[in-house]
Each structure stands twice: as C-alpha cells, then as structure tokens.
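Any value given below was found using the heavy atoms of this structure, including those in side chains, with hydrogens, waters and symmetry copies removed. All chains are named by letter (A, B, ...) in the order of the sequence lines, taking the proteins before the strands, and each is independently numbered beginning at 1. Note that the structure is a prediction, hence the values are computed from the model and not measured.
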Amino acid sequence: MKGLPKNWNTEIEKKITEKWKKSEMFNFNPKTKKEIYSIDTPPPYVNAPIHIAQAITYCFMDMFARYKRMKGFEVLFPLGLDRNGLPIEMGAEKKFKVSPFKIGREKFIEYCKKLISDGSKETQDSFAKLGISFTSYKEGSHIGAVYKTDSPEYRTLTQSTFIELYKKGLIYEDVRINNWDSKLQTTIADSEIEYKDLISEFVYVKWKIKETGKEIIIGTTRPELICTCGMIIFNPKDEKHKHLKGKTAISPLFKKEIPIKAHPLADPEKATGIVMMCSAGDLSDIQFFREQKLKPVIAINQDGTMNKNAGFLQGLKIKEARKKIIEKLKEKNLLFKQEKITHRTPISERSGAEIEFIEMPEFYLKQLEFKEEIRKISKKINFYPESSRKILEDWIDSISIDWPISRRRFYATEIPLWYSENGLVAVPQQGKYYKPWKEKVPENADVLDNGKIIGKVKDFKHKWTGEERIFDTWMDSSISELYILKYKQDNEFFKKAYPATLRPQGKEIVRTWLYYTLLRGYLETGQPCFKDVWVHQHLLDEKARKMSKSLGNIINPQKIVEQSGAEAIRFWAATEGDLSKQDLSVSPQRIDSEKKTLNKILNVSKFVMLFDKPKQKPKTEKFDELFINYIEELTEFSDKKYAKYNFHHPALKLRNFLWEIFASHYIELVKSRAYNQNKKFTKKESDSAKYTLHFLLERFLTLAYPIIPQITTTIAKEKKINLLKQEFPKAKKPKSNLKLIDELVNFNSKVWKKKKDKSISLRNEISGIKIPKSLKDFEKDLIVAHGLV
RNA sequence: GGUCCUAUAGUCCAGUGGCUAAGACACUUCGUUUACACCGAAGAAACAGCAGUUCGAUUCUGCUUAGGACCACCA
C-alpha cells in the first residue's frame, strides 16, 4: 500500500513511459526458439503530428503485441516512419512557399528533408507517451529498429526488387493514356483518384449530318474536346435515331467528318441519346477508342493547356477553353441549350486537381495476369473481421489495367535505370541505392537490349543518360513486410520469419496498401505475405462526423494524453466500441471519465493490500471458490477473444467484474471475514478470504495488462510481480454454478434496499430476512456481512 | 446506379426467437457504511419505419429511410 498513489495521474505516466522508451526491454531476439509473431505496422507520415486515429489504432496494435508476448511469442513490433512522396513534397511546397519547377530538383529535395527532419522525433515521442511497446525506439540495423521509408537501406530494397522484376520482364514501358494531375505534373494510379460531385455546364451542341444536311443535338460536359471526337454513337435499340446509322456527322466549328455508329454504350434515356466519343474525356472513352481501333487525338498538354489540335483554343487552360468554345458556339448559333448539372468528376486525391487524360510513356508493373493467383492466396489469409475480405475481392475483380508505377516527381525512390542514345538500357546490380538523375551509370551495370542482357556498361562506349522519374510511393510501401523481415538483407532470418503474422490497417487502403503488398509479396515469394489481416473502421469526431481541417474538428491526441492520460485513452478505446465492426466517435469527455475506473482499480488494490497474502494456499471456502471460478471463466473468455483481436468484449467484462462482482459484492461480503475483528471466523476461514482477495486482484491485473499496461504493472510491482514477464494464465474449468453469483447480487441488493427503506444504516443489524435455499452454502458470510438476525 | 457495413434511452455502447433488454456518461432524489465522494443506494429514460416468416420478432428475411465505406462507362 505504501507505494500506490492516491489517484492515477499523468505525472506517473510520464515517468513510466519515459523509462519504458529508454529501456528497450522488448528487444527482438533473432536466435529465439519461440514462434515469431510480427506486426507490419502502418508507417505514419512525419510531416504532421500523429493523428488521433493513428494514436488509437496503435494502442490496439500494442494490446495485440503485449498479449502475444504473454502467450509466449517472440514479438516483432517495429515502428516505421513514412517520409516519401507527394504528401512530403506538398508539405514542403506549402511551408516554404517553393515550387520544384522553379528552384530545381536538388534544392527542392533539401526543403523536403528540412520539413521532415524533426517530425520523426515528435512522432516517436507521441507513441512512447501512449505506452506503445515497440521492439525498439532506436534507429539502426538491428531487427525491429525504427525505420524510415526514405533511408538508403529502404530505397535500396525498393530498387533491388524493381531490378529483379525488370529483368524478369514483369515491368514494361508503354505509351498510354494516363490519369494526369496537371497541378502536380505527374501521372497517377487509378487508386489515387477520388470522385467528387462538381457542378458543371452541360451543353447541347448542334451538329450537321453530311448526307442529309439535317441537324442533330448532342449533349456534352466537355465541349472543348469536340476537336478530339472520333465517333458519334447511339444505342442500337434506339428507334428514333436508327436513320443515323452509317451516316457522317460534321463537327461544329472544326468541320471534321465523324462516322456515326450504333453502339450499346450509348444510353437512349440520357440527354439526347447521342454521344460524341472523344479520345480524352474519361477512361471509358479510351477503352472505346481501343475497341474501335480509332486513332486518338490528343488536345491537352501536360501542363493542362490546349495544344494545336484544339485550333483556336490553343494555349488556353482547359476551363478557359471550355468557356471560350461555349461563347463561340453561342455566337455562331450552334448552341441548342445549356444547363447546370452536378457531374461526378475524377479528382486527384493528393492535390485536388481535376484529372485529365493524357498520352505519355510510363512504366507499368504487370498485375492483370496475376489476379487469379492473388485471389487464391488471399483465401489463405484470416481476415478480422471476416467481412473485410470482400473489400479486397471486389477490388481485385475491378482491376482492368496494369499498375502504372512511375511518377514525375522528386522526393521518392528513383527508378534505377540509364539509357543510351541508341536505345539500350543499363540496369545496375541489386544491393545499392542509386540516383540516376545525378549519378553516373555504374560500370558493372547490365546492358539490356530489348530485355536481353548483352553485356556490362564498361563494354560499351555509349553516353548514358539517367532516368529522372521516380516510383509511386506504393512501390515502397508495398514491401514494408519484406523490409521488416530483412528480405535480401538477412536470408536466414527472413526464411524463418516469413510470412509476416499481422497486417493491421484501415479499410480505406485495402485496395492500395493491402492489395499492392499481396501482389509484391507474391511476385517475390509466391506466397501469401500475411497470416492475419486486421481491418479497422474510422475514427470520427464527437458528433460522428469525419475529422477534417475545414470542419475544425480535429482532435489532437497529445492534448488528450496530457489531460486524461494514455491509460484512460486505451481503456476507453477498448470499451467504447468494436473498431473492426463500426466507426468510433472520439469524445474527450468520455475518455476523461475512464479515469474513474483507473482509480477504482487503485482503490481496490489498496484495500486488498491491507491484508497479507497467506504464504501457503489455504483450503478455500465454497464462497471464495465461486468467485475464483468466475474469474477462471473470464480468463478463458478473454484468451479466446484476444486471440481473435477482440479486446472490446473482454474489456467490458473486466470492467463489470471490477466494479460489480469484485468491489461491490465480493469485497463487501468478505470484509468482515478478512478483518475478523470479533473472531467470528476461524483463522482458516479468514485466510481463505485473504488469499482469494489477492488471487482475484492478481488475475484481474494480468487479464487487463495488455489493455492498460501502466497501471497494472505499477500495482503488480507493489506485490513483487513483474507483469511484463508474466505468462497468460491457463484457465481452469469452473466447478461452481456461476449462476449463484447473480443470485448473490440480487440478494445483496434486496438487503441493502430494505435497510434503506427502513432507514437502517448499512452496518446495523436487520431482522426478518430469509436467506434463499440456493445460497445456504454462504449463510455464515451473509449473516455476518449484512448483520442478519 | 451497384456492392458491403451500421441503426438499441439525451449521448456512447452490450445483448436476446419468448425471461424485468445490461452497463457507462449525463440527469433527478437520498445517503457520508472501518479501499474509494474520481464513493454508495434508488429513480426516470431505448430496440429507426413498413411488411413477411413464426404460436411469438428488438433478434431471422425483404423493402424503405438515415449514416459510413468502396466500386461504376453517364456522355
């Protein structure tokens, strides 16, 4: 009792977490004989302080890690810091008000590095304050070290895997129509596009039929693309337009002849039922052009301006061009009518720019031919919850093109290739980090001609130019599990540790992070790269709205740690809801009120520690046996649920046990027997009570330890128990009829109520109450505790 | 437009084919009983709507509504 504080508070937490952070006590032993349990944690971006969602999901991962250690696993729980890619670049552009297109690549990268230089430390501190038991809080080359996705080591692995895939012919360059972000000046993948309903102008334009001279009306949201129109279509079932079949349309203003065909793509119910097919309207147009073997006309430049194919619109930005052509159509009386509609518009997730479709050469990683394999290996993985598997399967079904992996940006892993003037490609050796845009080609790089190795660079006297493009960040992120398991760095360990055990992640990145990781893992090893996947939902604000800067409802986890403490956050996270099942609303008040439970734990512990634990286990009374059995059952329940990543139901039961069963009923009833001041009980009977008090407390602390490690270890330490090294208890089968506990609870309430009705103090005697038959075994305790006469 | 998830008191969240639908926060009243006023006791308060299956539905099914996620070719 000496060491326990009066209240649980953040001052105590500070001391504990600082010590834990320095201690490195969960170091990973590579020579272990234990089974390895590894968590492929999602590296947070370091350009901003950690978000409440990261704080809480890492608390859950920590519960998983601590539980698995208790179950005898060698746990690998590393912290990664994501420092690559567009978010970092955009942060640097904004913070330092610089543009890479003006100051140049080299200088811009310096600004990026400046932006992330102190963010990493802050992130680590935040996690430490939450009591997260990472394998290590130190950087280095040891297994489980803190790693950075922009470190030479990480980038080396990204490049090494690329080099291998490239030589295997799984990566190809192709000129295709790409999603183009004109703000960021780069190609982006389908998965980086989101759709927004934007208001746009829907215009009905008059076209002429060459053969009959008659007019037709075509609706479009992209009149500036009339110049790229390759075909006019109507639905084959559309009777009213049947007469157009085989005729030729003349495009307004541009006066080009366009064939008219019947095609099921046109919906007779929409607009006028006639569609102009352009070569850059959206991705469906692109498919259509391929199918019809039409030659696309590209009218938009990479910077988002119109080119010479757009005639009088040349030089204008897309939106200006749209305005101008509408004016012109009006002027020439070619505009039938105009209306405003909301239009689902593809937007770049990273920059918010409207996506354009532009033809350019980019690298692709083959994925279409592996769809079936990925589906197959994903069936071998356990999903928690099972329903999240469908998100992945739906995504695999909908993949229709290979993965564009090159980007035209700056702060990310470079594509390690050099080119000669006569079309040869130099591919360097694996195992080093290359920057082709500023480095000379290595002498020992392989020279490839059309995919075949024909020698080394030193054998050729060519002038080599370094590749300037970089990888999509998912190329880095999708090998995180390979990196933490030391792929291509420590083969012996990798063999032992692969596949990784758990991938924890949000549902919104199933189609990116999870899918791409499965693909890359399969390409490298031919196996599923995880055993388990835990998919969580979203964290929302108090009113269940999404947290966003514009709403101003972002909850800062630092503040909550300071006000309520990590233990309150963690216990709240476990009890408030099931994050794998539904979104969780974060309420600082509710988190704060969890402090009550923490103090209850302290007070119960103080009471139990008023009594010495008998050195020898006494023969326990039937009454005590009942409660021991109860917590044995709770032990089995928690074990089963924890193993399935469910901490919610055990947490609720543990809280109920603490307040109701243990504090209100067991303790109240055995108090007199434990004190035994009037010697109404034998020493044996009293010892049984003391022993049971300690037993129940210790077991409670052990079960709650993964959820609230700080307070439980603090109390256990007073009892000379080191919970950090404790095994998870093996539950014994209950022998008592546990329903008797409910009857006891009812009986106690009845007595308390009666005393209250009669205005009798709870410690005074009361007469006329009969003990039910079922509780006869506990008669003595009940009579003394309640003062029944 | 399609698919998936969710719907229980003022708020958050358990649970169930029939039992008095549990607990927490907030609220009202009473109490200060040898661990605890960050306490104890008592109280008020809920199964989104409609239909179906059933002897019986809050629970199972369908539809509707609302919220969320994802997907899709709407010119």
Measure [atom1]/[X] against [atom2]/[N] and give the value in whole Å, please.
X        : N      : atom1 : atom2 : answer
A:Trp395 : B:rC70 : CH2   : P     : 11 Å
A:Asp592 : B:rC38 : CG    : P     : 13 Å
A:His538 : B:rC70 : NE2   : C1'   : 10 Å
A:Glu660 : B:rA14 : CD    : P     : 19 Å
A:Asp397 : B:rA72 : CG    : P     : 11 Å
A:Trp752 : B:rA42 : CH2   : C1'   : 13 Å

Do A:Phe700 and A:Phe662 have ring centres separated by under 6.0 Å?
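No; A:Phe662 has its ring centre 6.0 Å or more from that of A:Phe700.
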Where the side chain of [X] is concerned, which of [options] is the nearest nucleotide?
X        : options                : answer
A:Lys507 : B:rC39, B:rG68, B:rU34 : B:rG68
A:Asn603 : B:rA42, B:rA14, B:rC36 : B:rC36
A:Ser398 : B:rG68, B:rA72, B:rC39 : B:rA72
A:Ser387 : B:rU3, B:rC38, B:rC5   : B:rC5
A:Glu508 : B:rA69, B:rG40, B:rC25 : B:rA69
A:Ser749 : B:rC39, B:rA42, B:rC12 : B:rA42
A:Gln582 : B:rU6, B:rC25, B:rC36  : B:rU6
A:Ser664 : B:rA41, B:rU11, B:rC36 : B:rA41

Going by an N to O cut-off under 4.0 Å, is there a salt bridge joining [X] and [Y]?
X        : Y        : value
A:Asp397 : A:Lys371 : no
A:Glu594 : A:Arg655 : yes
A:Lys690 : A:Asp624 : no

When the nearest nucleotide of RNA chain B is assigned to A:Asp583 and to A:Ser672 on a heavy-atom basis, which residue is associated with the more 5' position?
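The residue whose closest nucleotide sits nearer the 5' end is A:Ser672.
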Return whichever of A:Asp394 or A:Leu540 has its heavy-atom-nearest nucleotide of RNA chain B closer to the 5' end.
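Residue closer to the 5' terminus by nearest nucleotide: A:Asp394.
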How far, in whole Å, is [M] from [N] if one measures between their [atom1] atoms?
N      : M      : atom1 : result
B:rC38 : B:rA26 : C1'   : 16 Å
B:rU16 : B:rC50 : C1'   : 23 Å
B:rA66 : B:rC55 : P     : 35 Å
B:rA44 : B:rA9  : C1'   : 10 Å
B:rG52 : B:rA14 : C1'   : 28 Å
B:rG68 : B:rU53 : C1'   : 30 Å
B:rA41 : B:rU6  : C1'   : 37 Å
B:rC4  : B:rA45 : C1'   : 34 Å

Taking only side-chain N and O atoms of [X], does any of them lie within less than 4.0 angstrom of OP1 or OP2 on [N]?
X        : N      : answer
A:His648 : B:rA14 : yes
A:His649 : B:rG15 : yes
A:Lys581 : B:rC13 : no
A:Lys600 : B:rG40 : yes

Check the angle between the aromatic planes of [X] and [Y] and answer parallel, tilted or perpendicular using the 30° and 60° thresholds.
X        : Y        : answer
A:Phe657 : A:Tyr630 : parallel
A:Trp534 : A:His536 : tilted
A:Trp474 : A:Tyr516 : tilted

Under a 3.5 Å cut-off on both pairing distances, which runs of 3 or more consecutive Watson-Crick or G-U pairs involve RNA chain B?
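Ordered by first number, the stems with RNA chain B (at least 3 consecutive pairs each) read B:1-7 with B:65-71, B:10-12 with B:23-25, B:27-31 with B:39-43, B:48-52 with B:60-64.
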With heavy-atom distances below 4.5 Å as the criterion, would you say the side chains of A:Val510 and A:Val533 are in contact?
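A:Val510 vs A:Val533: side chains apart.
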So does A:Lys595 reach the base of B:rC38 with its side chain, donor to acceptor, closer than 3.5 Å?
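Absent.
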N/O donor-acceptor pair, side chain A:Asn7 with base B:rC38, under 3.5 angstrom
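Answer is yes: a donor-acceptor pair is held.
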Before you tell me yes or no, could you show the steps for A:Lys641 and A:His648 under side-chain hydrogen bond (donor to acceptor under 3.5 Å, both in side chains), namely the whole-Å CA-CA distance, both residues' side-chain angles and the distance that decides it to 0.1 Å?
CA-CA 9 Å; A:Lys641 296 284 182 180; A:His648 179 226; over 6 Å; no
